[in-house]
Amino acid sequence: MSTLEIKNLHVEIETDGGTKEILKGVDLTINSGEIHAIMGPNGSGKSTLASTIAGHPSYEVTAGSITLDGEDVLEMEVDERAKAGLFLAMQYPVEIPGVTMSNFLRTAKTAIDGDAPAIREWLGKVKTAMSDLRMSPEFLERNVNEGFSGGEKKRAEILQLELLQPKFALLDETDSGLDVDALRVVSEGVNRAHKNSGLGVLLITHYTRILQYIKPDFVHVFVAGRIAEQGGSELADRLEAEGYDRFQV
């Protein structure tokens, strides 16, 4: 079993108005096989947490720690974090002109595993995963995310998740901009990856609709850079009914 542990995490960022503290002492432990949902109002620090774990250079950790199976994540470069088993599905996936999906996926898999996958076996896995995600094989020859719709970009993120098989997936508002059909397909992909590899999931969302498909074991409410409340899946239902007003100060 693997464990991602966050202790007393404080994070700040430089803004036009000066330095601003975003995370103000976050404690969170995720084990293999667990699904944790983080919910909260805009600006509460949810995406900052995911970006900090992944190693975004704009966020500076001023106190606290992040460890993966006892190893100091904060001492790792971004690529080292990926090789260690961390995966970030971005809220706004970036386009990579000049790099085809086919080359990108195989290069990423080679970098993480240390050896290039056998071509025939690899292509079989890629095409099966694409079929499950309702993605045409022609996407393999298109540049990464270039000209993709919002839903296609999110499917491409989950395609990477299924193929790269990380220890922990950080899903930053993966449901954002998806229609009902795309949400179902993407959620099924996350559930497949979870079932097949037993990965831990940190799912960031504003709404409960994705939680109808991806059932969380734990729900954490983020407010003003801290976890204000924790519970099971029933907490998400309460938030849907009551909103976040009771947490505002």
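Computed from a prediction, not measured in an experiment: that's the story for all the values here.
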Item to check | ring-ring contact (aromatic ring centres under 6.0 Å, His included) pairs, two or more places apart, involving residues 25-52 | outcome: His36-Phe218, His36-His220
Residues 94-103, side-chain donor-acceptor partners within the protein, below 3.5 Å, at least two apart:
unit_1: Thr100; atom_1: OG1; unit_2: Asn103; atom_2: N; d: 3.1
unit_1: Thr100; atom_1: OG1; unit_2: Asn103; atom_2: ND2; d: 3.3

Please report, to 0.1 Å, the donor-acceptor pairs under 3.5 Å made by any side chain of residues 112-130, with sequence neighbours excluded.
unit_1: Asp113; atom_1: OD2; unit_2: Lys109; atom_2: NZ; d: 3.4
unit_1: Thr128; atom_1: OG1; unit_2: Gly124; atom_2: O; d: 2.9

Checklist entry - Rounded to the nearest 0.5 Å, how far apart are OG of Ser176 and CG of Leu183? => result 11.0 Å
Next on the checklist: Is it the case that the side chain of Arg81 and the backbone of Ile53 share a donor-acceptor pair, with hydrogens and angles ignored and the cut-off at 3.5 Å?
Outcome noted: yes
Checklist entry - Who pairs with Thr29 by side chain to side chain contact (heavy atoms under 4.5 Å, CB included), at least two apart in sequence or on another chain? => result Thr3, Glu5, Asn31
Next on the checklist: Determine whether a donor-acceptor pair (N or O, by modelled atom type, separation under 3.5 Å) exists between the side chain of Glu80 and the backbone of Glu77.
Outcome noted: yes
Checklist entry - Which ring-ring contact (aromatic ring centres under 6.0 Å, His included) pairs, counting each pair once, include a residue from residues 159-195, with sequence neighbours left out? => result none
Checklist entry - When rounded to the nearest 0.5 angstrom, what is the spacing between CD1 in Ile158 and CZ in Arg155? => result 11.0 Å
Checklist entry - Which pairs with one or both residues in residues 198-216 pass side chain to side chain donor-acceptor pair (under 3.5 Å), sequence neighbours excluded? => result Asn42-His206, Glu173-His206, Asp175-Thr205, Thr208-Glu240
Item to check | Leu159 with Leu140, same ILVMFWY side-chain cluster at under 4.5 Å | outcome: yes
Checklist entry - Atom NE2 of His10 and atom CD1 of Ile22: how far apart are they, to the nearest 0.5 Å? => result 13.0 Å
Item to check | Any residue meeting side-chain hydrogen bond (donor to acceptor under 3.5 Å, both in side chains) with Thr19, in chain and number order, not counting sequence neighbours | outcome: Glu14
Next on the checklist: Looking only at side-chain N and O atoms, does Ser47 offer a donor or acceptor that is under 3.5 Å from a partner on Asp172?
Outcome noted: yes
Item to check | Shortest non-hydrogen separation from Leu88 to Ala54 and the atoms involved | outcome: CD2-CB, 3.8 Å
Next on the checklist: Suppose the criterion is salt bridge (charged side-chain N to carboxylate O under 4.0 Å, His left out): which pairs have a residue in residues 131-144, not counting sequence neighbours?
Outcome noted: Asp132-Arg192
Checklist outcome for this item: Closest non-hydrogen atoms of Thr15 and Lys20, given as atom of the first, atom of the second and distance, are CG2-CB, 4.1 Å
Checklist entry - Does one hydrophobic cluster hold both Val201 and Met1, with members joined at side-chain heavy-atom distances below 4.5 Å? => result no
Item to check | CD-CD1 distance between Gln91 and Ile204, expressed to the nearest 0.5 angstrom | outcome: 8.5 Å
Checklist entry - Just wondering, are more than 12 heavy atoms of other shown residues or ligands nearer than 6.0 Å to CD in Glu242? => result yes
Checklist entry - So which heavy atom on Pro216 is nearest to which on Ser233, and how close? => result O-CB, 3.8 Å
Checklist entry - What's the spacing between Glu162 CD and Leu105 CG if we round to 0.5 Å? => result 11.5 Å
Checklist entry - How long is the span from the CG atom in Leu9 to the OG atom in Ser65, to the nearest 0.5 Å? => result 8.0 Å
Item to check | Qualifying residues under side-chain hydrogen bond (donor to acceptor under 3.5 Å, both in side chains), relative to Glu229, sequence neighbours excluded | outcome: Arg246
Item to check | From CA spacing to verdict: side chain to side chain contact (heavy atoms under 4.5 Å, CB included), Val11, Glu21 | outcome: CA-CA 6 Å; Val11 174; Glu21 187 177 38; over 6 Å; no
Checklist entry - Could you give all pairs that pass the salt bridge (charged side-chain N to carboxylate O under 4.0 Å, His left out) test and reach residues 25-54, with sequence neighbours left out? => result none
Item to check | Closest non-hydrogen atom pair between Ser32 and Ser2, with its separation | outcome: OG-N, 2.7 Å
Checklist entry - Between the main-chain N or O of Val73 and the side-chain N or O of Glu75, is there a donor-acceptor pair closer than 3.5 Å? => result no
Checklist entry - Would you call Val186 and Leu178 a side-chain contact if the rule is heavy atoms closer than 4.5 Å? => result yes
Checklist entry - Would you find a donor on one side and an acceptor on the other, under 3.5 Å apart, between the side chain of Asn143 and the backbone of Glu146? => result no
Checklist entry - How would you list all residue pairs meeting salt bridge (charged side-chain N to carboxylate O under 4.0 Å, His left out) that involve residues 53-69, not counting sequence neighbours? => result Asp69-Lys167
Checklist entry - What are the two closest non-hydrogen atoms of Leu68 and Ala84, and how far apart are they? => result CD2-O, 3.3 Å
Checklist outcome for this item: For residues 53-107, the ring-ring contact (aromatic ring centres under 6.0 Å, His included) pairs (sequence neighbours left out) are His56-Tyr59
Checklist entry - Going through the checks in order, is the side chain to side chain contact (heavy atoms under 4.5 Å, CB included) test met by Leu74 and Thr67? => result CA-CA 8 Å; Leu74 298 178; Thr67 58; over 6 Å; no
Item to check | Ser187 versus Ile210, closest heavy-atom pair with distance | outcome: OG-CG1, 3.6 Å
Item to check | side chain to side chain contact (heavy atoms under 4.5 Å, CB included) partner of Ile38, the single match among Leu203, Val219, Leu170, Leu28 | outcome: Leu28
Next on the checklist: Show, in sequence, the C-alpha distance, side-chain angles and deciding distance for Leu202 and Leu171, and conclude whether the side chain to side chain contact (heavy atoms under 4.5 Å, CB included) test is met.
Outcome noted: CA-CA 6 Å; Leu202 179 64; Leu171 309 181; over 6 Å; no
Item to check | Check against side chain to side chain contact (heavy atoms under 4.5 Å, CB included), Phe222 and Met39 | outcome: CA-CA 6 Å; Phe222 248 57; Met39 305 183 70; over 6 Å; no
